[in-house]
Structure formats: C-alpha cells, structure tokens
Number of protein chains: 2
Amino acid sequence: MENSRPSSKRFLDIVSDLRTIIKEEGAVIGDKLPSERVLADRLQVGRSTIREALRSLELLGLIETRRGEGTFLADYKKHQLVEILSTFIMQNPQSFKSVDETRRIHERAAIECISNDPERRTLPVWESFLEKLKGIEPIIREELLQEIVVVSENRLSLKIWFLLKQYSRAPFHETMAEDEKEVASNLLKEMMNGNSQLAVMRYADWLDIVNGERRDEHEC
Amino acid sequence: MENSRPSSKRFLDIVSDLRTIIKEEGAVIGDKLPSERVLADRLQVGRSTIREALRSLELLGLIETRRGEGTFLADYKKHQLVEILSTFIMQNPQSFKSVDETRRIHERAAIECISNDPERRTLPVWESFLEKLKGIEPIIREELLQEIVVVSENRLSLKIWFLLKQYSRAPFHETMAEDEKEVASNLLKEMMNGNSQLAVMRYADWLDIVNGERRDEHEC
DNA sequence: TAAAGGATAGTGGTCTGACCACTTTATAAT
DNA sequence: ATTATAAAGTGGTCAGACCACTATCCTTTA
C-alpha cells in the first residue's frame with residue numbers, strides 16, 4: 001500500500017523533472033539543455049533513464065538533439081510526430097466524430113475571429129484565394145482552412161487544429177470540386193465583408209458539400 | 001552523402017519497425033507485444049534502443065507496459081498527447097492569452113451546440129441553475145460553464161476544456177457577484193429559448209463583467 | 001484427486017561501463 | 001596570426017548485470 005512516491009515509472013518522473021529544470025533555468029526555444037551525463041548526475045539516475053525521457057520528448061517534437069552538439073529546446077513548429085501517431089491511434093469509431101467536431105469548432109472560431117477584425121479580414125491573401133478559386137487549377141481544401149486558422153493567430157488553437165487534422169478522416173486533403181469553389185468563395189467574401197454570421201453559414205454550406213448529405217443527425 | 005537509409009536516429013527507425021510488426025501480426029488493442037529482449041533480437045539492435053522507442057510510444061499513450069507482464073497495445077481513449085503538448089507550450093507568457101481564448105472558443109461552441117438542440121436546451125438542469133441564480137447562495141462561475149461543456153457531449157472538447165481550465169489565469173473558480181448572476185441568467189434563458197446568437201452575446205457580456213473592461217484590443 | 005505452496009522462468013525497470021561518430025574547443029606547429 | 005592537430009565534450013548504441021514483479025509449472029499436502 002505504498003503511496004507511490006516513486007511513480008514506478010522513473011522516466012515519467014524525469015520527464016516532469018526536465019520540465020522543471022527548463023522552467024527554472026528560463027530556457028527559451030533554441031537554448032541548450034544540460035548534457036545527458038550532467039542530467040543523470042544531477043537527477044541521480046542512470047543515463048539510460050535520462051535518455052528514455054529525452055527520446056520521448058524528442059518524438060513529441062519538444063526537443064531536438066544534434067549528435068556531438070547537444071540537446072536543444074525545439075522550435076515546436078514540426079508536427080512530424082503526428083504522422084506516426086495517426087497510423088496507430090484511434091480506430092475507435094466514436095472518437096472520429098469528436099475529432100471532426102472539435103476541428104470544426106476551431107475552424108468556425110477562426111472564421112468568426114477574422115471576420116470581426118478589420119485588419120485581418122482585409123488581408124491580401126484572401127483576394128489571392130478568391131482569384132485562385134476562380135481559376136481551374138486544383139486547390140486542396142485544407143490549404144484554405146489552414147490559412148484561416150493561421151491568420152486567426154491563436155497559436156494554441158492552431159496547434160490543436162494541426163493535431164486534429166491528422167486524425168480526421170474527413171477528406172480535407174483532397175482537391176476542391178468546381179461547384180465547391182463557389183461556396184468557398186462565398187465564405188471568403190462574407191468574411192472579408194465582416195459578416196461573421198453569414199460567413200459561418202457559408203462554412204456550414206461548404207461542410208454539407210464536402211461531407212455529402214449525411215449530416216442529418218449531428219449539428220453541433 | 002549517404003542516402004540516409006539508417007536515419008542517424010536508430011530509435012526512430014525502431015518506432016517505424018514496431019508499427020510494421022504490429023501491423024503484420026494484426027495486433028489489436030490489449031494484445032501483448034513481443035518482449036523487449038525478443039524485439040531487440042529480432043530487429044538486431046540493443047535492448048536500450050528498443051526501450052527508447054517503446055518509452056516514446058508509451059508517453060504518447062500508444063502502448064502500455066506492466067512490469068513483470070509485458071507490453072501491450074494501449075486502449076487509447078485518452079488524448080493525452082494534447083495534454084503533454086500543452087503543458088510544455090505553457091512556458092511562454094504569450095500562451096496564456098491563447099489558453100484563455102481557446103477555452104472561450106470551446107465554451108462558445110458548447111453554448112451554440114446546446115441552443116440549437118431542442119433536446120438539450122430544455123434539460124431540467126438549466127431550470128435548476130436559474131433557480132440557484134435567483135438565490136443568494138454562492139455559485140462558482142465554472143460550475144455553470146462546466147455543465148454547459150459537459151452537456152454539449154463532445155468528449156474531446158470536454159477534455160480540452162478541462163485541460164485549459166487548469167492553465168487559465170481567468171478567475172473562473174471564484175464565486176459570482178450578484179449583478180453577475182443576472183447576466184448569467186440571461187445567457188441561460190436565451191440558450192433555453194434556442195436563440196444561439198443571443199446566447200453567445202450574453203456570454204460575451206458575462207466575460208466583460210468577469211474580466212473587467214480590459215477587453216479592448218482582443219476580441220476573438 | 002484437488003488444493004496449496006514454493007521454486008523457476010520471463011518481463012519490464014534501472015544502472016554501469018564501454019565504445020563509436022561527430023562537433024567544439026584548446027593546443028601546438030608553422 | 002594562421003593553420004593543423006589533439007583533446008574534450010556530446011549524443012548514439014551496445015552488452016551485461018541486477019532488481020522487482022508476474023505468471024507458470026511442479027512439488028507437496030490435505
């Protein structure tokens with residue numbers, strides 16, 4: 001009936017300790033962390049345990065290691081980790097719905113955010129998109145969505161969106177159909193006009209097209 | 001100028017190899033994976049390398065290890081990836097704003113979701129809350145918000161919300177002021193009436209009260 | 001025969017020490 | 001002062017050894 005002070009998984013404690021160290025030293029992106037040997041000595045564990053923790057954080061993209069140089073706080077702009085995840089995670093049918101719904105929540109919020117901001121809704125990038133939508137060159141759906149989420153300038157929301165995108169089974173990596181481009185254009189126009197409510201409605205229209213008509217039961 | 005067949009990070013290759021093994025053996029959730037020693041032998045690498053890969057997958061919640069028993073394909077109902085990522089992103093002061101914004105995004109989505117669903121917007125729990133808001137007994141702000149997010153029935157969104165709540169510096173764990181209760185009541189009433197737009201506006205009013213008047217610059 | 005008990009093998013968890021390949025830095029030779 | 005060389009530091013990997021724990025087999029016992 002131990003109170004599990006040592007949580008039976010030392011490397012998990014190390015992950016936590018590393019976070020503390022980073023915090024205490026006020027390390028910023030790009031900064032060098034103590035070497036594995038120093039960490040092992042400081043935290044009083046073997047180097048292999050330190051490495052298990054570091055390798056975990058590396059796979060998450062939180063740190064970056066360069067042989068011969070050291071370990072550095074990573075620029076968390078690389079989401080390559082999720083590629084590996086997506087092949088493993090959730091065959092659970094129920095969770096796909098949550099993922100898609102949550103992704104849409106963030107997209108909708110981004111659309112509203114931009115529509116309500118005179119600065120961002122008049123960015124030249126939207127004009128460019130409108131032009132491209134008039135043409136016949138193929139456009140990937142998520143190109144537009146990504147731009148929207150990026151411009152909304154909520155880094156956490158963006159991060160979450162990128163994660164969810166990888167897990168989503170919605171066909172947002174495919175090219176847009178011709179009639180679909182018009183709906184997307186309408187979305188953009190309403191957004192640029194600052195009419196967030198109509199923009200969101202056009203977004204809903206777009207979803208209807210992409211997902212076919214099987215959106216009968218769930219509307220959140 | 002090697003073609004990087006051995007990708008300089010052996011443990012990353014192992015992660016990939018593990019995926020292959022799991023696929024080939026048709027392993028399902030809960031199944032036991034080969035032991036670390038067997039894997040090391042089969043993949044012709046040291047056991048420590050195998051462990052670095054396994055520990056990474058464990059931190060991601062993809063596998064589960066039980067001492068003395070073995071390693072198993074995890075039942076990944078917990079999206080703990082988001083958890084870990086967020087705790088790390090949180091070092092940066094700028095991110096607090098993101099956290100609060102993102103939390104509000106989920107709250108707003110939940111309010112809209114419930115408002116648009118005749119079933120959920122007429123739940124007796126809302127009447128109870130209205131009654132309590134009329135009284136003088138103290139009510140914690142997040143009690144109401146939590147109920148809303150829970151009822152919206154998006155498990156992932158709920159998970160994210162709980163997480164963000166912890167890192168938020170907004171005073172949602174405090175009790176509601178008297179004049180504040182009226183605003184909250186209005187929010188509930190609009191929601192119960194199915195008027196999602198007005199409900200969201202009342203929600204914005206509420207935020208204004210809670211956060212004082214320093215919502216000048218950011219409106220997303 | 002069936003139940004209880006203990007020995008044994010298997011497993012993950014950890015540590016140590018040893019190499020290797022590579023980069024940086026310090027030192028020596030020019 | 002510049003260049004070449006040596007040394008030190010770092011991550012990457014391996015092998016072997018324990019430990020703590022679990023499951024299993026097998027003997028002992030009722």
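Protein chains get the first letters and strands the later ones, always in sequence-line order, with residue 1 at the start of each. Everything quoted here is computed from the prediction, not taken from an experiment.
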Rounded interatomic separation in angstrom, taking [atom1] from [X] and [atom2] from [N]:
| X | N | atom1 | atom2 | value |
| --- | --- | --- | --- | --- |
| L39(B) | dG10(C) | CG | P | 16 Å |
| D41(A) | dT14(C) | CG | C1' | 16 Å |
| L54(A) | dT10(D) | CG | P | 13 Å |
| R47(A) | dC14(D) | CZ | P | 13 Å |
| E36(A) | dG9(D) | CD | P | 16 Å |
| L33(A) | dT10(D) | CG | P | 12 Å |
| L43(B) | dG12(D) | CG | P | 19 Å |
| E52(A) | dT16(C) | CD | C1' | 14 Å |

Residues two or more places apart in sequence or in another chain: which of them pass side chain to side chain donor-acceptor pair (under 3.5 Å) with [X]?
| X | value |
| --- | --- |
| E147(B) | none |
| Q146(A) | none |
| R42(A) | E25(A) |
| R47(B) | E36(B) |

Can you find a side chain N or O atom of [X] that sits less than 4.0 Å from OP1 or OP2 on [N]?
| X | N | value |
| --- | --- | --- |
| R67(A) | dG9(D) | no |
| S35(A) | dG9(D) | no |
| R51(B) | dG13(C) | yes |
| T65(B) | dT11(C) | no |
| T71(B) | dT11(C) | no |
| R66(A) | dT24(C) | no |

> Going by modelled atom types, is there a donor-acceptor pair between the base of dG9(D) and the side chain of R37(A) at under 3.5 Å?
Replying inline: no
> More 5' along DNA chain C: I50(A) or G70(B), using each one's nearest nucleotide?
Replying inline: G70(B)
>> Given the ring of Y203(A), does R108(A) sit roughly above its face, with NZ or CZ under 6.0 Å from the centre of the six-membered ring and within 45° of the axis?
In response: no
>> For K132(B), give me all partners under salt bridge (charged side-chain N to carboxylate O under 4.0 Å, His left out), at least two apart in sequence or on another chain.
In response: E143(B)
> Hey, does S48(A) reach any base, or is it just sugar-phosphate, or nothing, if we go heavy atoms under 4.0 Å?
Replying inline: base
> Just checking G68(B): base, sugar-phosphate only, or nothing, at a heavy-atom cut-off of under 4.0 Å?
Replying inline: base
> Under the side-chain contact (heavy atoms from CB on, under 4.5 Å) criterion, do W206(B) and M176(B) qualify, and how do the steps go?
Replying inline: CA-CA 10 Å; W206(B) 188 17; M176(B) 296 172 62; 4.1 Å; yes
>> Using heavy-atom distances to pick each residue's nearest nucleotide on DNA chain D, tell me which of E69(A) and E69(B) is more 5'.
In response: E69(A)
>> Show, in sequence, the C-alpha distance, side-chain angles and deciding distance for E58(A) and T65(A), and conclude whether the side-chain hydrogen bond (donor to acceptor under 3.5 Å, both in side chains) test is met.
In response: CA-CA 8 Å; E58(A) 183 176 3; T65(A) 56; 3.1 Å; yes
>> With each end axis built from five pairs of C1' atoms, what bend angle do you get for the helix from dT1(C)-dA30(D) to dT30(C)-dA1(D)? Round to 10°.
In response: 20°
